[in-house]
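Note on naming: letters A, B, ... go to the chains in the order of the sequence lines (proteins, then strands), and numbering restarts at 1 for each one.
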Amino acid sequence: MAHPVEHNDEGLYGLMAEYADADGLVQGIKKIRQAGYKEVDAFTPQPEHAVNDALGAKTIIPWIVLAGGVAGLLIGFGLQYWSSAIAYPLNVGGRPLNSWISFLPVTFEMTVLLAGLSAVFGTLALAGLPMPYHPVFNVPKFTEKNSRDGFFLLVKAEDPHFDYEQTQFLMSQSGAEGVYDVPK
Amino acid sequence: MLSSPQHEATQPKTAGQVPVLAPGHNMRSITDKISDIVLKPKGGIGWVIGFAITFALTMQLLFSIGWLLLRGIGVWGNNQPASWAFDIINFVWWIGIGHAGTLISAILLLLRQQWRTSINRMAEAITLFAVANAGLYPLLHTGRPWLDYWLFPYPNTMGLWPQFRSPLVWDVFAISTYLTISLLFWYMGLLPDLATLRDRATGKIKRMAYGIFSLGWRNSARHWKTYEQAYFLLAALSTPLVISVHTIVSFDFAVSVIPGWHTTVFPPYFVAGALYAGFAMVLMVAIPVRKIFNIEDFITMRHIRNMSIIMLVSGLVVAYGYLTEGFAAWYSANPFEIDTVLLLRFVTGPYRVLAWLLIACNVVIPQLLWSSRVRSNTVLIWLISGVISVGMWLERFVIIVMSLTNDFLPSSWAMYAPTVTDIAMYTGTIGFFLFLLLLFIRFVPMISAFEMRELLHKVSHSGDHHSSSNDSQHGGEVVPVPGD
Amino acid sequence: MSNQRPARGAAPRRPSPLPFLIGAVILILAALLGFFLMGPAQFFRSYLLGWLYWTGIGIGGLGLTALHLLTGGQWGMVTRRIFEAASRTLPLMGLLFIPLFFGLASIYSWADPAKVAGDALLQHKEPYLNVPFFIGRTILYFLVWTFIAYRFSQFSVQIEEGAPYEEVRRIKLFAAVSMVLLVITVTFAGIDWLMTLEPHWFSSIFGGIIIMSFVLAAWAFGILTVLRQRATEAFRHVVGAPIFSDLGSLLMAFVMIWSYVQLSQLLIIWSANIPEEATWYLHRMKGGWQWIGWSLLVLHFAVPFVTMMSQTVRSNPRWLRLVALLIMVMYFVHLVWQIVPTWHESITLSPLDLLITIGMGALWIGLFLWQYGQAKLIPPVAIPELRQRIEHAH
């Protein structure tokens with residue numbers, strides 16, 4: 001268990017607990033959330049559906065991708081229609097100016113392109129990345145294990161329920177293998 | 001009595017019960033084994049020799065490109081009527097090779113095929129490097145590559161816009177979209193592993209480099225939620241994308257009126273041909289790599305066999321393409337179709353030996369893969385893959401050069417032969433491809449570590465079969481030995 | 001062990017006579033109408049349409065059975081009996097083709113010696129397009145399909161009962177070879193029955209289009225059958241939202257492939273604009289037929305595709321049924337669009353087209369229901385896994 005000699009809430013980003021496995025982490029999250037904490041995050045080396053569910057994590061990424069796709073569709077077809085039928089009308093082998101059958105491939109590619117770009121950049125934006133510095137990296141155990149086999153729970157100090165002693169006690173009671181300070 | 005055959009019955013295709021991940025691994029050992037290939041490289045001398053050779057070939061490529069820029073595309077063997085030759089053959093060949101990577105990473109993800117996990121990263125890298133090589137050719141074939149931005153629609157002082165009824169313009173959009181999305185898909189899959197390398201690297205420069213490229217990824221569960229969905233959606237987008245790319249490549253030929261080019265079966269048959277060549281290339285890379293880097297635990301015989309089967313199936317579709325193309329040519333009763341597709345190609349034409357060779361390479365020899373004994377022999381599979389790569393190259397040669405040099409009027413017939421520059425450039429691209437592959441293996445984890453950790457749970461939970469329920473997970477658990 | 005053995009072979013259920021009776025009455029009525037009122041040519045043409053509609057579902061079922069034997073997967077566990085039963089309707093459908101032998105000349109111009117005599121192209125094609133060879137090929141297709149269908153039905157039960165590994169491998173090899181045979185025979189069947197309606201026209205992807213049409217129709221029929229029985233004892237615990245979602249995803253995949261082959265043909269022929277090919281589309285893009293073409297684009301592709309994209313929609317049995325039903329209707333419209341413009345420049349639908357399709361349907365459904373009851377509807381070995389999946393979702 002962690003033994004902070006002295007602590008100063010001012011310089012503290014939050015408290016972090018380490019669990020042996022995903023099941024333990026899920027139990028920990030449930031306990032902490034039952035106690036009313038809102039500013040909670042969890043860290044797992046790979047996607048864990050149970051952890052996501054326990055956290056109540058939600059995402060709007062499908063809608064962002066859909067919006068990107070629809071925009072790509074409209075831009076793709078609009079570009080071809082406008083340039084071939086309005087801006088630069090050219091008779092090509094007697095085909096109609098609005099050769100919509102020939103415009104399908106580019107329309108499709110633009111749809112996929114914009115949807116794909118929104119998927120990647122939407123994910124980064126929603127996660128607030130790139131963010132080279134983050135307080136969680138100040139915990140040595142975290143940097144050592146987080147991307148390999150460590151399961152961590154974070155309660156931020158900005159949570160209204162946060163109280164150093166009480167939160168630390170609650171976390172260590174939740175089956176954690178260790179509780180660490182997260183300095184800012 | 002009742003329960004014992006269940007597993008076999010519901011899932012008869014466990015391919016001899018070889019697991020997708022060898023037993024005895026836990027989360028830590030997987031992570032360490034994968035990242036140590038990058039962080040603590042062993043056997044440096046072989047890599048250095050390979051690097052030297054492929055670097056020399058890359059220089060050869062750059063030199064031939066320089067020569068081309070200096071003298072113009074007259075240094076190629078292209079002539080009239082063979083205005084398309086090595087450049088388009090190699091373009092189609094390379095782009096086809098790229099397709100297996102996207103298929104493995106995207107379609108198999110959608111189908112929840114667990115065996116994809118240990119090969120998808122490498123396959124995606126093959127895609128990227130192959131598409132990069134492919135892209136070179138049409139860009140250079142314009143003759144003035146510094147003006148290639150003219151291909152894109154943008155407001156310009158000439159008041160011109162691209163001619164969107166042309167498949168060559170579709171190509172511009174298809175290839176650039178494909179390259180962009182493949183790169184992003186690959187990078188997105190790489191992100192958590194770069195974070196692992198950042199955390200595990202010891203040197204300051206390495207930590208900095210991996211730190212920059214990992215963008216500060218910290219495995220937050222909230223981020224994972226978005227990440228997983230976005231990754232799945234990217235896979236769902238990539239699947240039709242990869243099919244559209246080779247379809248559009250086939251349109252380059254099929255929407256023309258040249259006999260031997262214009263036939264409606266081209267799109268699916270080109271896509272199948274692309275997968276055929278692509279899987280051959282993935283196998284040709286994976287078989288030696290798993291030996292050299294001692295990762296037979298991760299890329300098991302199961303992978304090799306499954307890929308051989310997909311290769312066989314796509315080869316059969318290609319054969320079906322030949323069959324229907326030939327039948328339609330005769331059935332059309334059009335003398336030019338009959339001459340070009342049947343007579344000149346196989347009986348009287350100047351390239352008939354190549355055509356028969358392509359049938360041998362693409363249709364006859366790969367039928368060996370029907371035998372499960374052949375599918376368990378990596379040397380034979382490697383050789384057959386090589387034969388298929390050659391066969392698919394010959395197919396493009398026969399389609400492109402044969403049809404152009406022997407079209408409607410015999411007075412315009414001519415022969416085509418590649419020049420030294422053509423050959424130097426082609427071998428140069430092969431060297432460049434391997435060069436990039438060596439860099440990739442050295443600096444980036446070639447197997448997706450976080451997905452392997454995920455796979456560990458699935459395998460340990462449900463034996464060795466397809467399952468979508470894996471909500472409860474146990475960290476650090478050792479995989480039990482799957483049955484049989 | 002022995003109580004797990006399905007009833008097949010031991011005590012085959014008797015077919016219910018009612019659908020056969022209805023079907024026979026309607027078909028006889030149609031024949032009378034045809035011969036005395038609308039002309040025998042119309043009768044044979046409508047007969048081809050109605051016959052093909054139901055035969056296609058049987059062929060698609062055979063293909064999906066082969067696919068599932070080769071790939072496995074939960075989607076097939078709830079549908080395989082349906083597809084096996086559908087494929088066992090093929091022998092009867094083969095017999096029902098016999099009446100067409102007497103009307104070939106009024107359907108296919110290449111079967112009319114007077115027309116061939118004045119047409120150099122048809123003379124070139126005569127080695128392939130002649131009546132005896134055509135009939136021989138059709139008989140051959142049905143022999144191959146019947147053989148494969150019955151072997152598949154035996155094999156799937158053998159596998160479920162725990163055949164040894166070597167046996168399973170042998171069966172899979174048989175399935176793989178059958179798949180190759182199926183693709184080739186259905187391609188040529190599609191060419192024979194449909195493409196040669198306009199014998200000057202040719203398209204090398206036509207076989208692919210026909211294969212996908214049949215597979216898609218069989219798949220939609222399978223979904224409808226599963227949904228119809230979802231409250232029954234056999235199905236109640238093994239189907240639910242996750243399975244519906246799987247079925248819907250595959251429906252979307254098949255719709256996408258169907259659209260892909262259609263679009264490939266259209267785009268290539270439209271862009272090249274060669275007279276000998278473009279005429280086929282010209283016949284189908286004017287005189288009102290263009291609206292049928294548009295309806296295919298919207299209702300055969302866009303609506304199913306967009307609705308099936310959403311997991312919420314495809315997990316919902318009501319929506320899924322609606323879309324599957326739409327596919328079944330559009331499959332008919334598509335066949336009409338393929339067949340009828342051969343003879344009619346402007347949009348026409350004979351009452352006989354509908355009547356014969358319904359009559360043939362009654363026969364087919366009667367046969368299907370009889371065949372369907374002959375083995376356990378859900379393979380017993382698959383039940384625990386399916387149950388677990390359904391319970392997990394709650």
Side-chain angles (χ1 to χ4, degrees), chain A residues 20-23 41-53 55 57-59 61-62 65 69 79-80 83-84 87-88 90 92-93 95 99 102-103 105-106 108-110 112-113 115-117 119-120 122-124 126-127 129-134 136-137 143-144 146-149 151, chain B residues 26-28 31-32 153 159-165 167 169-170 173-174 177 180-181 184-185 187-188 192 195-196 198-200 211-212 215-230 233-234 237-238 240-241 244 247-248 251 450-451 453-454 470-476:
Chain A
D21 53 34
D23 288 344
D41 200 355
F43 301 89
T44 56
Q46 62 270 340
E48 298 279 1
H49 296 155
V51 173
N52 294 348
D53 295 346
L55 265 183
K58 287 200 172 57
T59 183
I61 194 77
V65 175
L79 167 76
Q80 297 176 82
S83 63
S84 311
Y88 195 72
L90 185 67
V92 178
R95 285 163 187 78
S99 297
S102 295
F103 297 164
V106 172
F108 173 81
E109 298 300 328
M110 289 297 287
V112 171
L113 181 65
L117 290 174
V120 175
T123 305
L124 294 183
L126 289 177
L129 300 177
M131 186 190 282
Y133 169 76
H134 193 275
V136 290
F137 293 122
T143 28
E144 185 203 328
N146 135 69
S147 56
R148 204 161 22 161
D149 56 355
F151 294 85
Chain B
N26 61 32
M27 289 170 66
R28 180 174 285 258
T31 314
D32 290 355
L160 284 168
W161 290 92
Q163 209 279 85
F164 283 108
R165 296 169 197 86
V169 175
W170 308 344
F173 281 82
T177 301
T180 312
I181 298 295
L184 291 174
F185 194 49
Y187 183 66
M188 194 150 171
T196 303
R198 169 199 66 202
D199 295 346
R200 294 204 65 226
I212 289 169
L215 305 178
W217 180 260
R218 53 184 190 275
N219 295 311
S220 155
R222 292 180 194 279
H223 297 176
W224 276 128
K225 174 87 183 169
T226 308
Y227 176 92
E228 245 200 326
Q229 288 228 25
L233 287 169
L234 266 181
L237 288 167
S238 299
L241 173 66
S244 81
T247 298
I248 289 175
F251 285 156
F450 84 93
E451 285 175 295
R453 292 193 293 260
E454 241 186 323
N470 51 301
D471 286 13
S472 57
Q473 314 263 356
H474 306 282

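- Across all non-hydrogen atoms, the minimal contact from G159(B) to Y88(A) is O-CD1, 3.3 Å.
- Contacts between V120(A) and chain B at a heavy-atom distance below 4.5 Å involve backbone atoms as well as side-chain atoms.
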Candidate pair L126(A) and H223(B), rule side-chain contact (heavy atoms from CB on, under 4.5 Å), full reasoning: CA-CA 8 Å; L126(A) 289 177; H223(B) 297 176; over 6 Å; no
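- Separation of atoms CD (E109(A)) and CD1 (I248(B)) is listed at 4.0 Å; rounding is to 0.5 Å.
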Stepwise side-chain contact (heavy atoms from CB on, under 4.5 Å) test for R165(B) and R95(A): CA-CA 9 Å; R165(B) 296 169 197 86; R95(A) 285 163 187 78; 4.2 Å; yes
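- Side chains of P105(A) and F173(B) form no contact here, defined as non-hydrogen atoms less than 4.5 Å apart.
- Proximity of a side-chain donor or acceptor of W170(B) to a complementary backbone N or O of S102(A) within less than 3.5 Å is detected.
- Nearest approach of L184(B) to L117(A), heavy atoms of both residues: CD1-CD2, 3.5 Å.
- For the pair M188(B) and T123(A), the minimum side-chain heavy-atom distance is below 4.5 Å.
- Note on S244(B), P192(B), P162(B): by heavy-atom pairs under 4.5 Å with chain A, the leading option is S244(B).
- Taking chain B as the reference chain and counting heavy-atom pairs below 4.5 Å, the highest number among L90(A), V92(A), L124(A) is found for V92(A).
- Looking at V65(A), the atoms closer than 4.5 Å to chain B (heavy atoms on both sides) all sit in the side chain, from C-beta outward.
- Counting only heavy atoms from C-beta outward, the side chains of K225(B) and H49(A) never approach each other to under 4.5 Å.
- Interface remark: T196(B) contributes backbone and side-chain atoms alike to the contact with chain A (heavy atom separation under 4.5 Å).
- Highest contact tally toward chain A, considering only I212(B), L234(B), V169(B), is held by L234(B) [criterion: heavy-atom pairs under 4.5 Å].
- One distance of note links CD of Q229(B) with OG1 of T59(A); it measures 6.0 Å at 0.5 Å rounding.
- Looking at F137(A), the atoms closer than 4.5 Å to chain B (heavy atoms on both sides) all sit in the side chain, from C-beta outward.
- Of the atoms belonging to L237(B), heavy atoms from both backbone and side chain fall under 4.5 Å from chain A.
- The most heavy-atom pairs under 4.5 Å with chain B, out of A42(A), G116(A), A119(A), come from A42(A).
- The two atoms that bring L233(B) and P62(A) nearest to each other are CD1-CA, 3.8 Å, heavy atoms only.
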Worked verdict on T143(A) versus D199(B) for side chain to side chain donor-acceptor pair (under 3.5 Å): CA-CA 6 Å; T143(A) 28; D199(B) 295 346; over 6 Å; no
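- A 4.5 Å side-chain heavy-atom check between P240(B) and F108(A) finds at least one atom pair inside the cut-off.
- Here F164(B) is the residue among F164(B), W161(B), F251(B) with the most heavy-atom pairs under 4.5 Å with chain A.
- What you find for A221(B) and N52(A) is that their closest heavy atoms are O-OD1, 3.2 Å.
- Listed options A174(B), G211(B), P153(B), A195(B) were ranked by heavy-atom pairs under 4.5 angstrom with chain A; first place goes to A174(B).
- Between W224(B) and P45(A) the shortest heavy-atom distance is CZ2-O, 3.5 Å.
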From CA spacing to verdict: side-chain contact (heavy atoms from CB on, under 4.5 Å), K58(A), R222(B): CA-CA 8 Å; K58(A) 287 200 172 57; R222(B) 292 180 194 279; over 6 Å; no
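- Pairing each heavy atom of L129(A) with each of G216(B), the nearest pair is CD2-O, 3.8 Å.
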